[in-house]
Colleague: 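Just passing along the structure, written as structure tokens.
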There are 2 protein chains.
Amino acid sequence: MLADTATIVARLTEFLGPDSVVADPVQMGSYLNEPRKRFHEKAAAVALPRSVAEVQALTRFAFEHGVALIPQGGNTGLVGAQVPLRGDEVIVSLARINALREIDAAAGHMTVEAGMILEEAHRIAEAEGAMFPLWIASQGSARIGGVLSSNAGGVNVLAYGNARELCLGVEAVLADGRLYKGLNALKKDNTGYDLKDLLIGAEGTLGIITAATLKIFPLPAVYETAIVNLASPEAALELFYTMRERAGMRLNAFELVPLIGLDMQMRHGMLDKDPTAGPSPWYALIEISQPKGAKGGLLQAGLEAAFEAQLIDNAVVAESLADRTRMWAFREQMSEVQSREGASIKHDVSVPIAAIPRLIAEGSEAAEALVAGIRAVPFGHMGDGNIHFNFSQPVGADGKTFMAGAQPVHDAVYEVVLRLGGSVSAEHGIGQLKTALLKQVKDPVALEMMRAIKQALDPRGILNPGKMLD
Amino acid sequence: MLADTATIVARLTEFLGPDSVVADPVQMGSYLNEPRKRFHEKAAAVALPRSVAEVQALTRFAFEHGVALIPQGGNTGLVGAQVPLRGDEVIVSLARINALREIDAAAGHMTVEAGMILEEAHRIAEAEGAMFPLWIASQGSARIGGVLSSNAGGVNVLAYGNARELCLGVEAVLADGRLYKGLNALKKDNTGYDLKDLLIGAEGTLGIITAATLKIFPLPAVYETAIVNLASPEAALELFYTMRERAGMRLNAFELVPLIGLDMQMRHGMLDKDPTAGPSPWYALIEISQPKGAKGGLLQAGLEAAFEAQLIDNAVVAESLADRTRMWAFREQMSEVQSREGASIKHDVSVPIAAIPRLIAEGSEAAEALVAGIRAVPFGHMGDGNIHFNFSQPVGADGKTFMAGAQPVHDAVYEVVLRLGGSVSAEHGIGQLKTALLKQVKDPVALEMMRAIKQALDPRGILNPGKMLD
């Protein structure tokens, strides 16, 4: 029953029209080359359906003939979920299915199709005076279907949650072409199993998300932003607790950056001036948002209390949009500056928040014991317990040699993470990068449940085979 | 392979000891009699395991011999999920598995066993200066396992979400006795399918939840509470939008009550004095909470803006704890006062929030056309789109005759709900009360997915058979 590539291309062309099928390997480039350049497999074809009905038609064909499908959004994923693994897959790009279906800013929801670019969703919400608060570095290319399929996080998770918490309902094409109609704008609906959350974060292995109803929020009227000097991750944790108690769900960011991050950025000329109050082992970027009509000063008051408690001794509060923009640039340029510094061994991990100081201390120590001169650059979403625990190559070392020794560093860091009750993939998912790792570290019963669900919903294994579960 | 009752009781006694098995029908009463007195089936036995290992042992036995198990918490559910349907089931009470496993108030999580009473969880959190914000009428008896299995809501959903959003991870015994170890204190963990949310709200049909890690929050320092007079549900909606824009996630309650609710309570002497600013067709109970260090007056400022916009013309702001308590009593006594008024036909429904005025208008009109003198008493969580759309019998009518005509009223109300994109069970679930209704109204593909998942995780159908899915 397996169809060969020529047959696949011919049948897809029949369903979708010649303008909607890419069969030429060169033209497929932008669908195959992913951001980290780790995966280099070809595809049988790229399909560009223009409607949900076309997705259903091609999925029915794939189901009948055992053709593997890879749903793809903006191709920005970092674990290879959206690119081929075997070489015989058809990439199904959702890019053309990108309409706004409805928006009700006052009621707080909008329904968009999977191919809408995240930044476009931001713009549409803002034009109605509302905010879709999921902000990630790739938002200019990432598409809503991929954002949901990877349960993306970003810098606003502290106040608003991950993609999963920001979605009320989804529509998805199942493995045999049936359409699951789960769109709704309901905050409460206890009529059966939580299929929405099963599809979200499933990396396209259980269904192809075609549309979603997203939560949108009133635009905050005021942002209060600061960078605080901190002696240690322990001090950062204490300050986080203080700010959380005072600001509650108004605290929308608490990001940690080490001194080396500032040094690198200044050295590479990536900041027009130092956004901090001067050298300090650690920095926290803290942001509080306030609605219309609220009195300001919540951040200032919290910082003053922390000064009085001798928890902190120096900080800069943004006094202009330029200040705020520079502070955020400092945080957001952390990935970029590391690539300018040479090779990096990266870990996207989380631990219970109280364990962050131990994670950083023990993880750094373990890596330093393995590679002389390795430079720990742990930074990120401290308030979520999520640290991008990256290591830059020793100054002057050879990048390739450094990367050849990555596995022992991975092993050492993951050992610490698991010992502290953490996760080996906090934000980026499993894809094809971490399937072997998942098998090693995940509760075996959880893996059995996942396999049983995969078998139940995709019995022929045509949806993104080999991703997440091998 | 099916075991008879005597064998079941003998084997359970062997596993658990004689003190942990109730086989006498009279002694089983408190496990069989549920709050609404709708279901009256017997059970083969009640098992009272003292440990997770005992739950696993009895589940393995049940799996081998095809014995149906009904997980039960505080037996407070309103749809019969926790009581027998066939008469041959074993009720597995989690009441004795009720320990606190860990709490870290500063980090914002606590792990408790399924049998802990909700109010005990409140007390434990408060003793550490924190809050577990799930408040429901039955909190003095409801247990955490049942709260999660029914994805309970309550009066704080607006700010904090349903049970699902308040839980970070669960531990559960599966149909064949395997233990799913999904406890964690992580805000971000993208390592596989969302099994936690599948088990939550599954009404014990996919696994027996034995423990959960719950989110806890800093205790608010100040509550600002008011009851506002409103001309109509449309005006209530406008006011909700205004308050939400100004208070954002600080707005933790926006509850709607009609005049008839006040009249009934005053007539039955259930309020020592009128908590409102005087007669008005509708009332909204609004509450904003503020953290330590925040400036007060957010509610007052919002109400002043609404006065200026001529959206409202009268309100009472609570000036003491006694005022606040009376305001909440007014809201919380709505169910009780209706039973004092005679028979009621009830609907626990939700619609997209913008559709609430239409739901109330069209639902009331439809019911009034069916039953002369029927009294619509819609009230509840307006901010969540969730109205308890109840109808009291006509004054002086015979309750039994009134209830005999319930079905056409149900049909009429559900027709309106579904037409408006709503849910026929917003909070209370499906259980055995609404299985037939679910089959009629749910997306058929969603039902097929649910059946496939049920079959995959409980292939012998021993976990709460006939509940949710028939």
Side-chain angles (χ1 to χ4, degrees), chain A residues 104 106-107 151 153 162 178-182 184-195 197-198 201-202 218 241 244-249 291-295 298 301-302 350 352-354 384-386 421 423-427 429-430 438 442-443 445-446 449-450 452-453 455-457, chain B residues 104 106-107 151 153 162 178-182 184-195 197-198 201-202 218 241 244-249 291-295 298 301-302 350 352-354 384-386 421 423-427 429-430 438 442-443 445-446 449-450 452-453 456-457 468:
Chain A
D104 185 338
N151 186 30
N162 295 299
R178 280 175 298 164
L179 187 65
Y180 163 66
K181 294 179 183 166
N184 74 65
L186 303 175
K187 186 147 179 192
K188 285 185 176 174
D189 178 20
N190 278 342
T191 58
Y193 301 154
D194 185 3
L195 303 173
D197 288 325
L198 194 60
Y241 288 160
R244 183 175 180 268
E245 191 175 2
R246 291 178 153 263
M249 285 179 282
K292 204 165 98 178
K295 286 156 188 145
L298 197 54
S350 66
I353 182 165
D384 307 321
N386 174 201
S423 166
V424 298
S425 191
E427 279 198 321
I430 302 301
L438 188 72
K442 187 90 174 173
D443 172 30
V445 174
M449 292 171 75
M450 287 169 60
I453 292 165
Q455 176 66 26
L457 296 182
Chain B
D104 185 338
N151 186 29
N162 296 298
R178 279 175 300 164
L179 188 64
Y180 163 66
K181 294 179 182 165
N184 74 65
L186 303 175
K187 187 148 180 193
K188 285 184 176 174
D189 178 19
N190 278 342
T191 59
Y193 301 154
D194 186 3
L195 302 172
D197 288 324
L198 194 61
Y241 288 160
R244 183 175 180 268
E245 190 174 3
R246 291 177 153 263
M249 284 179 281
K292 205 164 99 178
K295 285 158 188 144
L298 198 54
S350 66
I353 183 165
D384 307 321
N386 174 202
S423 166
V424 299
S425 191
E427 279 199 320
I430 302 301
L438 189 71
K442 186 92 175 172
D443 172 29
V445 174
M449 291 171 77
M450 287 168 60
I453 292 166
L457 297 183
M468 190 177 280

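All chains are named by letter (A, B, ...) in the order of the sequence lines, taking the proteins before the strands, and each is independently numbered beginning at 1.
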Colleague: With chain B as the partner, which of Asn162(A), Val424(A), Asn184(A), Ile353(A) has the greatest number of non-hydrogen pairs under 4.5 Å?
Modeller: Asn162(A)
Colleague: Taking the side chain as every heavy atom from C-beta outward, state whether Met450(A) and Leu438(A) have any atom pair closer than 4.5 Å.
Modeller: yes
Colleague: Go through the atoms of Lys181(A) and report whether side chain, backbone, both or neither lie under 4.5 Å from a heavy atom of chain B.
Modeller: both
Colleague: Where on Asp443(A) is there a heavy atom nearer than 4.5 Å to chain B: the side chain, the backbone, both, or neither?
Modeller: side chain
Colleague: For the residue pair Lys442(A) and Thr191(B), establish whether any side-chain heavy-atom pair is separated by less than 4.5 Å.
Modeller: yes
Colleague: Flag the pair Val445(A) / Leu179(B) as yes when at least one side-chain heavy-atom distance between them is below 4.5 Å, and no otherwise.
Modeller: no
Colleague: Which answer fits Met468(B), side chain, backbone, both or neither, if we ask what part of it has an atom under 4.5 Å from a heavy atom of chain A?
Modeller: side chain
Colleague: Out of Ala354(B), Gly153(B), Ala247(B), return the one with the most heavy atom pairs under 4.5 angstrom to chain A.
Modeller: Ala247(B)
Colleague: Between Asp189(A) and chain B, with a heavy-atom cut-off of 4.5 Å, which part of the residue counts as in contact: side chain, backbone, both or neither?
Modeller: both
Colleague: Mind listing the closest non-hydrogen atom pair of Lys188(B) and Ser423(A) along with its distance?
Modeller: O-CB, 4.2 Å
Colleague: Counting only non-hydrogen atoms closer than 4.5 Å, does Tyr180(B) touch chain A with its backbone (N, CA, C, O), its side chain (CB onward), both, or neither?
Modeller: both
Colleague: Side chain, backbone, both or neither: which part of Gln455(A) has a non-hydrogen atom closer than 4.5 Å to chain B?
Modeller: neither
Colleague: Taking side chain as everything from C-beta outward and backbone as N, CA, C, O, which of these in Leu457(A) sits under 4.5 Å from a heavy atom of chain B? Side chain, backbone, both or neither.
Modeller: side chain
Colleague: Of the backbone (N, CA, C, O) and the side chain (C-beta and beyond), which part of Tyr241(A) lies under 4.5 Å from a heavy atom of chain B, both, or neither?
Modeller: side chain
Colleague: Among Gly429(A), Gly201(A), Gly248(A), Ala301(A), single out the residue with the greatest number of heavy-atom pairs under 4.5 Å to chain B.
Modeller: Gly429(A)
Colleague: Decide yes or no for Asp197(A) and Leu198(B): does some side-chain heavy atom of the first lie under 4.5 Å from some side-chain heavy atom of the second?
Modeller: no
Colleague: I'd like to verify something: which residue of Ala185(B), Ala426(B), Ala452(B) has the highest number of heavy-atom pairs under 4.5 Å with chain A?
Modeller: Ala426(B)
Colleague: So which residue, Ser350(A), Ser425(A), Ala456(A), Pro352(A), ends up with the most heavy-atom pairs under 4.5 Å with chain B?
Modeller: Ser425(A)
Colleague: I need the minimum non-hydrogen distance between Arg246(B) and Leu298(B), along with the two atoms involved.
Modeller: O-CD1, 4.0 Å
Colleague: Under 4.5 Å, counting heavy-atom pairs only, tell me which of Leu195(A), Asn151(A), Asn190(A) racks up the most with chain B.
Modeller: Asn190(A)
Colleague: Hey, does Pro218(B) have a side-chain heavy atom less than 4.5 Å from the side chain of Arg244(A)?
Modeller: yes
Colleague: Would you mind checking which part of Asp104(A) comes under 4.5 Å of any heavy atom in chain B, side chain (CB onward), backbone (N, CA, C, O), both or neither?
Modeller: side chain
